[in-house]
Amino acid sequence: MAINDKLLFKQALSAEMFSPSTGEMLWTLEDLKGVNISFSADSEEKTDATNAVIAKYYQAKTAQVTGNTSFFTTSLIAAQFGSSRVDATSADKITAPVREKIKIGYSSGTTVNTTVTLSQIPVGTSGSEIPFIYIVDKSGVIVGKYAVGAEASSTKFVIDAANKTITLPTDATTIKADNYVLVFYSYATATGCKIDNNAKNLPKSGTLWIECLFTDICDKNIEYHGWIVMNSAQLSPETEIPLDKTGDFPFTIDSTVDYCSEAGQILSVVIPEVVASA
């Protein structure tokens, strides 16, 4: 069955980037929004004595793919950073920050606690893994700040990292049962992941495949899987990470000249004559 010259575009289904040397998939997206391909070229104009354009000469054609995905996709973000996602293991832990707000409370009766217990083991310089603690009243106002010391006093607290305990200052004006200890520290974890973005690494180039769904213009029940193929493409490191629950995550992919193709291929549209399965 011949494919109609006129097709309806229905949906961009997925996008994948592959290593040009090994064919390994570098990342994949299966939730695509607002995908658009734009084409541009450099140009020079020949004008006459009145400055009217007689001819326009184009060169250096390029293509650019832009779009969004709904999800915080760690593999895509790592690729945009030019790095790789690092997964923590028991042998190779990652360092993670933690914020804790611990009520001081009572040890017994009306005796105010002199220590509080952390949820994790702090890491850092021994004896000063946590440099400061803050005392917060029940309305959320910070009423005290104390530095770490060798022994507890009216101005110092003590950290026992191995036992996850903080010995509180002796300042009775802020160390009250209804107040809270606000503490920030880092700990080593064997679970989770980390993605680094540095000034040195840039996104890898590769082969881009975008899977698309088309329908016949006369019979919309007839669907075709088509492909946008960019043999030499590179993710742009210029992006945004929206830190709100309704934001989408944008991506930009630029074409680069494929010197390994005969004509310097920029992009191909391939629509096999195979009806998509329902």
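Note that these values count all heavy atoms, side chains included, but never hydrogens, waters or copies made by symmetry.
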> Can Thr28 and Glu16 be said to form a side-chain hydrogen bond (donor to acceptor under 3.5 Å, both in side chains), step by step?
Replying inline: CA-CA 4 Å; Thr28 180; Glu16 289 82 24; 3.0 Å; yes

> Counting only heavy atoms not in Lys101, do more than 12 fall under 6.0 Å of its NZ?
Replying inline: yes

> Counting heavy atoms not belonging to Glu151, are there more than 12 under 6.0 Å from its CD?
Replying inline: no

> So Asp137 and Ser139, side-chain hydrogen bond (donor to acceptor under 3.5 Å, both in side chains) or not? Walk me through it.
Replying inline: CA-CA 5 Å; Asp137 67 17; Ser139 66; 2.7 Å; yes

>> The test is side chain to side chain contact (heavy atoms under 4.5 Å, CB included); show your working for Ile102 and Leu118 and say whether it passes.
In response: CA-CA 8 Å; Ile102 308 164; Leu118 304 170; 4.0 Å; yes

> Any donor-acceptor pair under 3.5 Å linking the side chain of Thr115 with the backbone of Thr167?
Replying inline: no

> Any side-chain heavy atom of Lys61 sitting closer than 4.5 Å to one from Asp42?
Replying inline: no

> Between Phe214 and Tyr224, is the gap from one ring center to the other below 6.0 Å?
Replying inline: no

>> Is it true that Asp254 and Gln64 share a donor-acceptor pair across their side chains at a distance under 3.5 Å?
In response: yes

> If you measure from OG on Ser14 to NE2 on His225, what distance do you get to the nearest 0.5 Å?
Replying inline: 9.5 Å

> What's the spacing between Ile253 CD1 and Ser205 OG if we round to 0.5 Å?
Replying inline: 12.0 Å

> Under 3.5 Å, is there a donor-acceptor pair between the Ser70 and Lys33 side chains?
Replying inline: yes

> Does the side chain of Ile271 come within less than 4.5 Å of Trp227's, by heavy atoms?
Replying inline: no

> Passes side chain to side chain contact (heavy atoms under 4.5 Å, CB included), Phe132 versus Val183? Steps please.
Replying inline: CA-CA 7 Å; Phe132 293 95; Val183 60; over 6 Å; no

> Between Arg85 and Cys193, which heavy-atom pair has the shortest distance, and what is it?
Replying inline: NE-CB, 3.7 Å

> Does Glu238 offer a backbone N or O that forms a donor-acceptor pair with the side chain of Ser236 under 3.5 Å?
Replying inline: yes

> Looking just at side-chain N and O atoms, do Thr73 and Ser75 make a donor-acceptor pair shorter than 3.5 Å?
Replying inline: no

> Are Phe157 and Leu182 in one and the same hydrophobic cluster, where Ile, Leu, Val, Met, Phe, Trp and Tyr link if side-chain heavy atoms are under 4.5 Å apart?
Replying inline: no

>> Is there a side-chain contact between Thr114 and Leu168 in this structure, where contact means two heavy atoms from C-beta onward sitting under 4.5 Å apart?
In response: no

> Just by distance, with hydrogens left out, do Tyr146 and Asp171 show a side-chain donor and acceptor under 3.5 Å apart?
Replying inline: yes

>> Between Asn163 (side chain only) and Thr165 (backbone N and O only), is there a donor and an acceptor less than 3.5 Å apart?
In response: no

> Counting only N and O atoms by type, is there a donor-acceptor contact under 3.5 Å from the side chain of Ser128 to the main-chain atoms of Pro131?
Replying inline: no

> Does the salt bridge (Lys or Arg N to Asp or Glu O under 4.0 Å) test come out yes or no for Lys56 and Glu44, once each step is laid out?
Replying inline: CA-CA 6 Å; Lys56 199 165 189 176; Glu44 294 179 313; over 6 Å; no

>> If I compare all heavy atoms of Pro242 with all of Pro250, which pair ends up nearest, and what's the gap?
In response: CD-CD, 4.5 Å

> Looking just at side-chain N and O atoms, do Thr50 and Asp48 make a donor-acceptor pair shorter than 3.5 Å?
Replying inline: yes

> Just checking, is any N or O donor in the side chain of Glu24 or Ser19 under 3.5 Å from an acceptor N or O on the other one?
Replying inline: no

>> Show, in sequence, the C-alpha distance, side-chain angles and deciding distance for Ile133 and Ile166, and conclude whether the side chain to side chain contact (heavy atoms under 4.5 Å, CB included) test is met.
In response: CA-CA 9 Å; Ile133 63 170; Ile166 289 175; 4.0 Å; yes

> Can the ring centroids of Phe249 and Phe72 be said to lie less than 6.0 angstrom from one another?
Replying inline: yes

> Between the side chain of Gln234 and the main-chain N/O of Leu202, is any donor-acceptor distance below 3.5 Å?
Replying inline: no

> With a cut-off of 6.0 Å (strictly less than), are more than 12 heavy atoms of other residues, nucleotides or ligands near CG of Asp5?
Replying inline: no

> Can you name the salt bridge (Lys or Arg N to Asp or Glu O under 4.0 Å) partners of Asp178, sequence neighbours left out?
Replying inline: none

>> Please check: side-chain N/O of Ser107 versus main-chain N/O of Thr111, any donor-acceptor pairing under 3.5 Å?
In response: yes

>> For Ser232, is there any backbone N or O sitting under 3.5 Å from a side-chain donor or acceptor partner on Thr256?
In response: yes

>> Could you see if Ile135 belongs to whatever hydrophobic cluster contains Val158? Use Ile, Leu, Val, Met, Phe, Trp, Tyr and a side-chain cutoff under 4.5 Å.
In response: no

> Taking atom types as modelled and ignoring hydrogens, do the side chains of Glu100 and Ser119 form a donor-acceptor contact shorter than 3.5 angstrom?
Replying inline: yes

> Do you know the tightest heavy-atom contact between Tyr187 and Ile121?
Replying inline: CB-O, 3.3 Å

>> For a quick test of reading the model, state the closest non-hydrogen atom pair linking Ile3 to Pro272 and the distance between them.
In response: CD1-O, 3.6 Å

>> Quick one: does any side-chain atom of Glu129 pair with a main-chain N or O of Gly127 as donor and acceptor, under 3.5 Å?
In response: yes

>> If we ignore hydrogens and angles and just use 3.5 Å, is the side chain of Thr252 paired with the main-chain N or O of Thr66 as donor and acceptor?
In response: no

> Backbone N or O of Val116 within a donor-acceptor pair of the Asn113 side chain at under 3.5 Å?
Replying inline: no

>> For a side chain to side chain contact (heavy atoms under 4.5 Å, CB included) check, start with the C-alpha distance between Thr69 and Asp248, then their side-chain angles and the critical distance, and finish with the verdict.
In response: CA-CA 6 Å; Thr69 183; Asp248 290 329; over 6 Å; no

>> For Thr62 and Ser255: C-alpha separation, side-chain torsions, deciding distance, then whether side-chain hydrogen bond (donor to acceptor under 3.5 Å, both in side chains) applies.
In response: CA-CA 6 Å; Thr62 60; Ser255 68; 5.1 Å; no

> Glu211 pairs by side-chain contact (heavy atoms from CB on, under 4.5 Å) with which of Ile228, Leu32, Leu13?
Replying inline: Leu13

